[in-house]
Amino acid sequence: MSTAISQGLRGKELAPALFSDFQTWIFKTPDLWPYRSEAQSAAPIFRTFETALESTLMLLMLPMELILKIFSLLSLADIVTASSTCKSMRQLVTRPNIFPHLLHDLVTRPDGSLRWLQPCSLVKGEVDRANEALRTWVDVDPTNSVNPFSAPDFPFVEFVRTCLVKSDSMRNRQRIWGIIKQVEMILEIQDDAEDSDDSDEETDDDE
């Protein structure tokens with residue numbers, strides 16, 4: 001808010017800053033996927049370095065398929081953290097054939113940390129709404145029922161950045177997804193505890 005005021009904004013022009021300060025995005029419906037026209041600026045995500053990759057980075061000695069497999073086990077936050085460890089790691093992560101591939105896996109894999117960007121088929125109309133928006137990100141036949149995420153030229157970097165930075169709906173969807181995963185974890189712990197109790201009771205009966 002103070003930044004907006006210092007920039008000379010007044011009246012209705014202050015509304016976006018006010019909404020941001022009070023995090024009103026948490027009341028946004030979590031099923032509005034961004035269209036390509038809403039895309040976040042194409043400014044670089046990472047600071048790049050013009051130096052050659054250091055051969056001393058042990059990870060570079062592994063086959064590329066194995067490197068991708070290792071990174072696919074990490075969350076997006078972990079990948080970004082890994083990229084800040086050294087220049088060689090930064091260059092490795094930001095390779096054109098690495099980062100988009102990693103985002104693809106995080107979005108489409110059943111256990112991917114960005115799986116929440118996928119529409120839920122159990123919610124009526126959600127898949128259709130999502131596909132309508134997703135088709136604007138890639139050149140596909142509007143009548144084609146195939147998931148746009150499967151298109152080989154889908155711009156995952158630009159799309160994910162827009163969802164995380166600019167789309168209030170997707171930010172709220174991420175928040176709700178996090179709550180659901182926490183509840184799932186609690187239920188799993190309870191189930192494990194109940195199974196353990198049942199096992200102890202059976203052992204006591206046998207004795």
Side-chain angles (χ1 to χ4, degrees), residues 4 12-46 68 71-80 96-188:
K12 294 181 179 180
E13 295 177 339
L14 284 174
L18 183 64
F19 293 156
S20 176
D21 281 359
F22 285 93
Q23 297 188 344
T24 56
W25 56 268
I26 66 175
F27 302 107
K28 191 80 170 182
T29 177
D31 57 357
L32 300 176
W33 277 260
Y35 286 73
R36 186 67 179 266
S37 58
E38 305 170 41
Q40 181 68 13
S41 168
I45 293 180
F46 299 97
L68 289 174
F71 277 122
S72 70
L73 300 175
L74 304 177
S75 67
L76 179 58
D78 291 335
I79 293 172
V80 173
N97 63 331
I98 294 286
F99 196 53
H101 182 89
L102 293 175
L103 291 181
H104 170 275
D105 281 355
L106 293 177
V107 172
T108 60
R109 216 176 56 237
D111 60 341
S113 65
L114 296 178
R115 179 69 179 177
W116 54 270
L117 287 173
Q118 291 271 11
C120 178
S121 60
L122 298 178
V123 179
K124 185 178 180 180
E126 185 165 286
V127 173
D128 292 336
R129 287 195 303 274
N131 285 344
E132 179 181 342
L134 294 174
R135 289 191 188 103
T136 66
W137 289 84
V138 64
D139 186 16
V140 296
D141 184 352
T143 63
N144 194 330
S145 60
V146 176
N147 188 339
F149 283 135
S150 63
D153 56 342
F154 190 89
F156 280 95
V157 175
E158 187 179 7
F159 173 75
V160 170
R161 173 166 46 187
T162 299
C163 289
L164 295 176
V165 177
K166 196 170 183 181
S167 173
D168 288 345
S169 179
M170 291 295 99
R171 290 175 66 193
N172 194 29
R173 188 179 183 87
Q174 180 186 25
R175 181 186 68 86
I176 294 173
W177 179 268
I179 294 174
I180 292 173
K181 300 305 288 185
Q182 290 177 2
V183 173
E184 285 182 349
M185 184 181 300
I186 293 173
L187 293 177
E188 288 177 359

Anything under 3.5 Å between a donor and an acceptor, one on a side chain of residues 116-127, the other on a protein residue two or more places apart or in another chain? List them.
{"from": "W116", "atom 1": "NE1", "to": "S113", "atom 2": "O", "distance (Å)": "3.3"}
{"from": "Q118", "atom 1": "OE1", "to": "N147", "atom 2": "ND2", "distance (Å)": "3.3"}
{"from": "E126", "atom 1": "OE2", "to": "C120", "atom 2": "N", "distance (Å)": "2.6"}
{"from": "E126", "atom 1": "OE2", "to": "R173", "atom 2": "NH2", "distance (Å)": "2.8"}

Item checked: Electrostatic pair K181:E184 at N-O distance under 4.0 angstrom -> yes
Within the structure provided, determine whether [X] and [Y] are in side-chain contact (heavy-atom separation under 4.5 Å).
{"X": "W33", "Y": "S167", "result": "no"}
{"X": "P148", "Y": "N131", "result": "yes"}
{"X": "M170", "Y": "T162", "result": "no"}
{"X": "Y35", "Y": "E38", "result": "yes"}

Which heavy-atom pair separates [X] from [Y] by the least distance, and what is that distance?
{"X": "K166", "Y": "A39", "answer": "NZ-O, 3.9 Å"}
{"X": "C163", "Y": "P34", "answer": "SG-CG, 3.7 Å"}
{"X": "E132", "Y": "T136", "answer": "O-CG2, 3.6 Å"}

Which pairs of donor and acceptor atoms, one on a side chain in residues 100-109, lie under 3.5 Å apart (sequence neighbours left out)?
{"from": "T108", "atom 1": "OG1", "to": "H104", "atom 2": "O", "distance (Å)": "2.7"}
{"from": "R109", "atom 1": "NE", "to": "D111", "atom 2": "OD1", "distance (Å)": "2.6"}
{"from": "R109", "atom 1": "NH1", "to": "S72", "atom 2": "O", "distance (Å)": "2.8"}
{"from": "R109", "atom 1": "NH2", "to": "S72", "atom 2": "O", "distance (Å)": "2.7"}

Notebook entry, point to check: How about F156 and F99: are their ring centroids closer than 6.0 Å?
Noted result: no
Next item on the list: Could you grab the distance from atom CZ of R171 to atom CD1 of I26, nearest 0.5 Å is fine?
Entry: 10.5 Å
Note to self: Would you compute the distance between atom CZ of F159 and atom CG of L164 and round it to the nearest 0.5 angstrom?
What the structure shows: 9.5 Å
Note to self: Is it the case that atom CG in D153 sees more than 12 heavy atoms from other parts of the structure closer than 6.0 Å?
What the structure shows: yes
